[in-house]
**Student:** 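This is the structure, below, for whatever I ask next.
In what follows, chains are A, B, ... by sequence order, proteins preceding strands, each numbered from 1.
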Amino acid sequence: MVKFGSEEWGKQFCQKLNESEAYNKAAETWEGDFVFVMEFEDGTKEVRLYVDLWHGKCRGTAIVGSDKEAEFIMSGSYSNWVKVAKKELDPIQGLMTGKFKLEGDMAKIMRATKAAVELVNCVTEVENVEF
Amino acid sequence: MWYWNAPKLVFGDGAVDYLEQIKGTKAFIVTDEVMEKLGFVEIVSKKLSKSKIEVKVFNEVEPDPSVQTVKKGGEICSEYKPDIIIGLGGGSAMDSAKAIDFIYEQPDMKLEDLSPFVSFKLHQKCKLIQIPTTSGTGAEVTWAVVLTDVKERRKLLLASREIIADVAIIDPIFPAKMPPSLTASTGIDALTHAIEGYVSIWRNIYSDAMCIKATQLVFENLEKAVKNGSDMVARENMHNAATIAGLGFGNSQAGIAHSMGHSVGAVFHKPHGFCVGVALPYIMEYEILAADEPKKMFAELGRQALAIEEKDDLKASKILVKKVRELLKATGAPLSYREMEISSEDFEKNFDLVVANADMDSCTSTTRPMPSKEDFQKLFKAAFDGKALTL
Ligand SMILES: [Zn+2]
């Protein structure tokens, strides 16, 4: 079992991205790193997962502190991230209904929605996840 | 969780009289020269003067409006400081009005920042009223803005729920004089919205209701409106159908006929309705072939909107595709991109760009199955030559 949002989970997610032909193609021109922020409901702590994405590949992930900068920062509650991983919530709909927040160049992300869909597919493909 | 957004609708014969009742001091009308020549700007201005509202007209919106044009309109608007912005025209004028409203209300932001993922404070300085003069785009009720990036030769899709109009005036007086070809192209756009909005992954019970009714109205009225422009019942039904379709797909999403149509339109500058309409039967065939779910949905749409009695989903969905092709033909709409006076040479030269832009269009990501680049290559080839995909 791998704990959702952990360092190990990040590694497996990265591997799924690199194995996905659909993601590799959809994101072949993508240049930009992300920090995914999972906020715990009580507001006391959060997990920040850094993902380095480049030309359809994942170049690495790491659990980082709040000082780590990235081109895009997407945040949401832990329970909503779990729903995404279980295919119960479309994260783009989540963004449009305020369940997630996104900081970064909006025009750039609007041109990469197909890559975003494939990226999420890889989130849902990580196996034996403990939530 | 999902939202269903709509402006206040004022519709029917005499709906434009609503402008005599509104409160305000200064209105900025975003339109084009044709609207002035047809006397529509005068109609609107006179109504506003009865409400003692001063008017300034920006008439420079071109078909497929560019980022440059709306930035210019935004500057003039910001200097004028209106408390009402009115979009008067087809989708180009109404989308420009949305973008100009955004520039005016958010002077510190870039136009490209108009995104559904960000919350703004719009409609603080002014109200937005949309008055469609064609029956098709649904832009009077949607919250998307489609502009053309002239340099990159592609469409720029912007969107925010906050940019939706406060009021949409659906008065059949405006589309009454549309020539047959414009009636057909805009009506086919409405049909494409209704059908694509019904199968989008973001479809919902409210958008479904709208898409079914709009499909039915287009099938019953478009041919009549094209062939006899003075049939005011058909005209009014089509005018409402376009808005209803807008309320449908605007609250779900358009699909890959729009990805293809946006892409072809930006490169070859052809009417939006025909660009998406040509693609429509091909994308339906593609989706029917590719998965079970769209097949079921098309069959259900055919049964609900057109009383197709066939019980088998594949057969029923094929009947719907056939009916779409028959309607395209009956309205004089092209059935292939070749028929739109795009030469093979020109098409081939721009093929990779057209495929890449369709692939990256945001309407692609809300379509399932989501086509690959290779799928788009096949679709464009079929739609160019007018060769149906084998079902
Ligand atoms: Zn359209």
Side-chain angles (χ1 to χ4, degrees), chain A residues 20-32 34 36-37 55-56 71-77 79-84 87-125, chain B residues 1-5 67 102 106 109-120 143-147 149 152 154-162 200-204 251-253 256 259 262-263 355-376:
Chain A
S20 163
E21 201 189 329
Y23 175 74
N24 301 161
K25 273 190 183 169
E28 66 188 357
T29 58
W30 179 263
E31 297 177 355
F34 270 83
F36 296 110
V37 184
H55 292 191
E71 202 173 337
F72 292 92
I73 297 177
M74 183 167 164
S75 350
S77 71
S79 58
N80 281 332
W81 281 113
V82 170
K83 282 185 185 169
V84 169
K87 295 189 191 176
E88 291 166 3
L89 175 62
D90 171 345
I92 300 178
Q93 276 188 305
L95 278 166
M96 288 166 74
T97 51
K99 287 180 188 288
F100 291 101
K101 298 244 171 320
L102 181 67
E103 292 165 49
D105 179 346
M106 294 301 154
K108 185 169 169 179
I109 210 91
M110 288 294 275
R111 293 269 300 151
T113 50
K114 194 179 181 187
V117 170
E118 298 298 356
L119 180 126
V120 174
N121 284 341
C122 293
V123 170
T124 66
E125 276 170 20
Chain B
M1 175 180 169
W2 200 227
Y3 299 117
W4 196 84
N5 292 67
V67 174
F102 178 73
Q106 298 282 326
M109 299 205 79
K110 283 190 302 186
L111 185 59
E112 293 76 9
D113 293 331
L114 186 60
S115 148
F117 307 148
V118 181
S119 81
F120 307 100
W143 37 277
V145 179
V146 185
L147 300 175
D149 187 329
E152 300 277 331
R154 60 177 165 85
K155 296 283 182 186
L156 178 66
L157 264 69
L158 307 169
S160 165
R161 286 178 195 280
E162 294 182 48
S200 158
I201 55 162
W202 291 345
R203 66 183 292 206
N204 55 79
N251 286 292
S252 56
Q253 247 292 26
I256 52 173
S259 304
H262 287 150
S263 187
V355 168
N357 283 345
D359 190 53
M360 274 196 260
D361 193 287
S362 56
C363 296
T364 301
S365 58
T366 47
T367 299
R368 295 292 181 279
M370 190 164 68
S372 64
K373 250 188 188 171
E374 291 71 33
D375 293 330
F376 273 121

**Student:** Counting heavy-atom pairs under 4.5 Å to chain A, which of B/M360, B/R161, B/E112 comes out on top?
**Tutor:**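 Top count of heavy-atom pairs under 4.5 Å with chain A: B/M360.
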
**Student:** Nearest 0.5 angstrom please: B/F117 CZ to B/S160 OG, how far?
**Tutor:**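 Here the rounded value is 11.0 Å.
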
**Student:** Tell me, side chain or backbone of A/I109 under 4.5 Å from chain B's heavy atoms, or both, or neither?
**Tutor:** side chain

**Student:** Pick one of side chain, backbone, both or neither for A/E28, based on which atoms fall under 4.5 Å of a heavy atom in chain B.
**Tutor:** side chain

**Student:** Of the backbone (N, CA, C, O) and the side chain (C-beta and beyond), which part of B/M1 lies under 4.5 Å from a heavy atom of chain A, both, or neither?
**Tutor:** both

**Student:** Which heavy atom in A/M96 sits nearest to a heavy atom in B/Y3, and how many Å separate them?
**Tutor:** O-CE1, 3.7 Å

**Student:** Does anything in residues 115-124 of chain A reach chain B? List residues with heavy atoms under 4.5 Å apart, or say none.
**Tutor:** A/V117, A/E118

**Student:** Given a strict heavy-atom distance threshold of 4.5 Å, which part of B/T364 is in contact with chain A: side chain, backbone, both, or neither?
**Tutor:** side chain

**Student:** Would you please indicate yes or no on a ring centroid separation below 6.0 angstrom for B/F120 and B/W143?
**Tutor:**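 Between B/F120 and B/W143, which both carry aromatic rings, the centre distance is not below 6.0 Å.
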
**Student:** Tell me, out of B/D113, B/L157, B/D359, who's got the most heavy-atom pairs with chain A below 4.5 Å.
**Tutor:** B/D359

**Student:** Pick one of side chain, backbone, both or neither for B/K373, based on which atoms fall under 4.5 Å of a heavy atom in chain A.
**Tutor:** both

**Student:** Heavy-atom distance under 4.5 Å to chain B: side chain of A/D105, backbone, both or neither?
**Tutor:** neither

**Student:** Heavy atoms only, distances under 4.5 angstrom: which of B/S115, B/S372, B/P116 has the most pairs with chain A? Name it, please.
**Tutor:**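 That would be B/P116.
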
**Student:** Can you check whether B/F376 reaches B/S263 side chain to side chain, under 4.5 Å on heavy atoms?
**Tutor:**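 No. Closest side-chain heavy atoms not under 4.5 Å.
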
**Student:** Is the shortest side-chain heavy-atom distance between A/L95 and A/M74 below 4.5 Å?
**Tutor:** yes

**Student:** Going by atom types only, do B/R154 and B/N357 share a side-chain donor-acceptor pair under 3.5 Å?
**Tutor:**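 Note: B/R154 and B/N357 side chains miss the donor-acceptor criterion.
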
**Student:** Contact part of B/I201 toward chain A, heavy-atom cut-off under 4.5 Å: side chain, backbone, both or neither?
**Tutor:**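 Just the side chain, heavy atoms under 4.5 Å.
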
**Student:** Enter the distance from B/Q253:CD to A/Q93:CD here, rounded to the nearest 0.5 Å.
**Tutor:**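 It is 10.0 Å, given to the nearest 0.5 Å.
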
**Student:** For B/E374, give me all partners under salt bridge (charged side-chain N to carboxylate O under 4.0 Å, His left out), at least two apart in sequence or on another chain.
**Tutor:** A/K25

**Student:** Checking A/K108 side chain against A/E31 main chain: does a donor-acceptor pair fall under 3.5 Å?
**Tutor:** yes

**Student:** Could you tell me whether a side-chain N or O of A/K114 sits under 3.5 Å from a main-chain N or O of B/P371, the two making a donor and an acceptor?
**Tutor:**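 Pair found, side chain donor or acceptor close to backbone of B/P371.
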
**Student:** Please look at A/K99 and chain B and tell me whether the side chain, the backbone, both or neither of the residue comes under 4.5 angstrom of a heavy atom of that chain.
**Tutor:** side chain

**Student:** Please tell me if the side chains of B/L111 and B/L147 come closer than 4.5 Å, counting only heavy atoms from C-beta onward.
**Tutor:** yes

